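Values in this document were obtained by computation on a predicted structure and should not be read as measured data. Just so we're on the same page: letters track the sequence lines, and every chain starts at 1.
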Protein chains: 2
Amino acid sequence: MPTRLKDIANALDVSIVTVSKVLRGKTDVSAETRDRILRKMEELNYKPNMIARGLASGRSLTVGLVVPDIADPFFAELARSLGAHLRRSQYQLLLASADESPAVEQHEIENLLQRGVDALLIASCQTDPASLNSALARSTPCVLLDRALPGSNANFVGTDDVLAGRLATEHLLSLKRTRIAHIGSEGTSTANDRLLGYREALAHRGIPADPALTLACDLHSGRPDLLGYNAMRRLLERPEHPDAVFCYSDLLAVGAIRAAREFGRRVPEDIAIIGCGNLPISAYLEVPLSSMDQGTAELGEHASSLALQLIGSKTRSKPRSVLISPRVVVRASTGLPRA
Amino acid sequence: MPTRLKDIANALDVSIVTVSKVLRGKTDVSAETRDRILRKMEELNYKPNMIARGLASGRSLTVGLVVPDIADPFFAELARSLGAHLRRSQYQLLLASADESPAVEQHEIENLLQRGVDALLIASCQTDPASLNSALARSTPCVLLDRALPGSNANFVGTDDVLAGRLATEHLLSLKRTRIAHIGSEGTSTANDRLLGYREALAHRGIPADPALTLACDLHSGRPDLLGYNAMRRLLERPEHPDAVFCYSDLLAVGAIRAAREFGRRVPEDIAIIGCGNLPISAYLEVPLSSMDQGTAELGEHASSLALQLIGSKTRSKPRSVLISPRVVVRASTGLPRA
DNA sequence: ATGAAAGCGCTAACAC
DNA sequence: GTGTTAGCGCTTTCAT
């Protein structure tokens, strides 16, 4: 059986309260008593029971994180960054992966709330905004990550996706490409915003948006690389081919490149392709992939700071929004010989 | 404030215990009372407080997982598989990433134990076996994942790494290669075992192990791709070049391929290269990478089953060991035109 | 500077 | 079937 406060107290003939005070660094304990207690804790290898502490204090020193898929490199990196930052503030990250299922996500959110997390970070795969509102309505502070919720005015930390779409497209425009396609996704704010940025960039150059050059994949329906492959095939079967493509994600781009090459197109000479997310392995792909870097580590830093801040503030402050600026990383798929 | 058992009990003029019994599906409650209670729970949107339940019952319905790095695709996939399986048994996974630091790992292990996890799964990055023993000595059931602890006879679930090394090397031998190198790692059981399998395979064919063909990288010292790159350079600078390489991990292999090609070697014609881990993106690399698949999902399944079993059994049963058989996946880096 | 009393929300054992 | 009593290990408030 592990040592309890009671054991220390008994051994030293002091009260449990006094021991508890030392444990929590209260100053109203004599230096001598404190020393004896600290020594005894050491000797008996005392470790506080966080469950009991949580129940008594109402705070668990815990932050929950729900991601759509922990095996997605972006969310894995985000989780790592968050965990590292929270650890420095004595907080522990509780991680749940929703496996791309809104139902599982709902379940995991409830679960974490029932476990008494002090704050909840959610990168939602929900298509229906309503289901998140029940969580946001609770008294536990919540931060939406990466994907914003259209109507809601919740706390949010994520990439400036409109800017991502714009910068990616402008990069392609700078390569003198004129028929620029977009292989996108649907349902999420990230998908909508990147599409928006893409259109903005084209409009800014006076290029009409050709609806035949915009495809949306249902990312729930299969492996993204294969979806990208099929999307590119459809683009190439059309009479007027694109000479560049901005893909919603790197994995879509990887599949798109594969398709382009199988159909005899050279990348980037015939078709320049850029993705988004900046996969760590981008530089080693069959065609090193240009991409939008989302500053994932920075994102995690902001998110954990915001979470801790919300926990600290007594009153429910007005929702804050933090947008991280993405940047273009150029590799061979849009022209650089090697990265 | 969230609803408590007490609120239900008061509203219905029954005792808290009766409500608690309904909550836990005990049968010694009349059908009518049960119905009233269930209805009231629904109406007041009751959610049990898992912290209080944990403190009272001594079980948290929680399993902890510590991995060296959650951003490593292998561990991410493992975490996903574990989480999914545990969820089906009403258990929640608490995930901690040690960021490749033994000190952080130790800290996270303590932390999870203090949070009252019912079982602890550890993929350790510890080099010193002793530090794990303090955790293994506790009453909380423990399972070592992926990496075994040399002296200890703890529960273990992992890949049969000797077999992995043997199969990989035999595959290279089947391609008529005779000077087969190994770019390995050190300190972990996985590294030792894969090296062992490599040597076994060579010995079995009567090929003497040339020490000049075996390199070990310190994976803590930098990005694995660059370590693989440098290791391959060193191999190529030597008078007698290898005609094949078995790499400890896929990322090492990726770097090795890059180096080989930069030095004018064709892969696989001049040098065949196989990795281990079977990265999801293997097929899209500059040279699609042959690799040893570790059956990660299966591994997670076995690990969660074992964990639940240990939780269930009153007595501390004798340690069990589960070894998953890896299999060769052939792609272009060892000869297939495309995968 | 120290501690007694009360309780966090729930479960476990035993009575009725 | 239902309820009573007694905690789980800790914190909180308030006396002393």
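Residues A/E105 and A/E100 form no side-chain contact, since every pair of their non-hydrogen atoms from C-beta on lies 4.5 Å or further apart.
Between B/S57 and C/dC10 there is no side-chain N or O to OP1 or OP2 distance below 4.0 Å. Taking side-chain N and O atoms only, B/Y46 has no distance below 4.0 Å to OP1 or OP2 of C/dG9. Between C/dA1 and A/R34, no contact under 4.0 Å exists linking OP1 or OP2 to a side-chain N or O. Phosphate contact (OP1/OP2 of C/dG3, side-chain N/O of A/T18, threshold under 4.0 Å): present.
Distance check, rounded to the nearest 0.5 Å: CZ of A/F75 to CG of A/D69 gives 8.0 Å. Between B/L65 atom CG and B/L86 atom CG the span is 9.0 Å, to the nearest 0.5 Å. Here A/H302 contributes atom NE2 and A/S81 contributes atom OG; the two are 10.0 Å apart, rounded to the nearest 0.5 Å.
There is no side-chain donor-acceptor pair under 3.5 Å between B/S30 and B/R34.
Counting to the nearest Å, the C1' atom of D/dG1 and the CG atom of B/D13 are 16 Å from each other. We find that CD1 of A/I8 is positioned 12 Å from P of D/dT11, with the value rounded to whole Å. Atom NZ in A/K6 sits about 16 Å away from atom C1' in D/dT11, given to the nearest Å. Between the NZ atom of B/K47 and the P atom of C/dG9 there is a distance of 17 Å, given to the nearest Å. Spacing between atom CZ of B/R53 and atom P of C/dA12 amounts to 9 Å, rounded to whole angstrom units. Atom pair A/K21:NZ and D/dA15:P shows a separation of 14 Å (rounding to whole Å applied). The separation between B/L55 atom CG and D/dT11 atom P is 12 Å, rounded to whole Å. Following rounding to the nearest Å, B/L5 (CG) and D/dT4 (C1') show an atom-to-atom distance of 16 Å.
For A/R4, the listed nucleotide lying nearest its side chain is D/dC10; candidates were C/dG3, C/dC10, D/dC10. You'll find that the side chain of B/N49 is closest to C/dG9, out of C/dG3, C/dG9, C/dA12. Closest to the side chain of B/V17, out of C/dG9, C/dA13, C/dA4, is C/dA13.
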- Message: Under the criterion side chain to side chain contact (heavy atoms under 4.5 Å, CB included), I'd like the reasoning laid out for B/L61 against B/M50: C-alpha separation, chi angles, the key distance, then a yes or no.
- Response: CA-CA 9 Å; B/L61 292 187; B/M50 300 308 277; 4.0 Å; yes
- Show your working on side chain to side chain contact (heavy atoms under 4.5 Å, CB included) between B/L121 and B/V66 and close with a plain yes or no. CA-CA 6 Å; B/L121 307 175; B/V66 184; over 6 Å; no
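Heavy atoms of B/R24 sit under 4.0 angstrom from primed sugar atoms or phosphate atoms, though from no base atom.
Of the residues in residues 26-33 of chain B, those placing a heavy atom less than 4.0 Å from an atom of DNA chain D are B/D28, B/V29, B/S30, B/T33, in numerical order.
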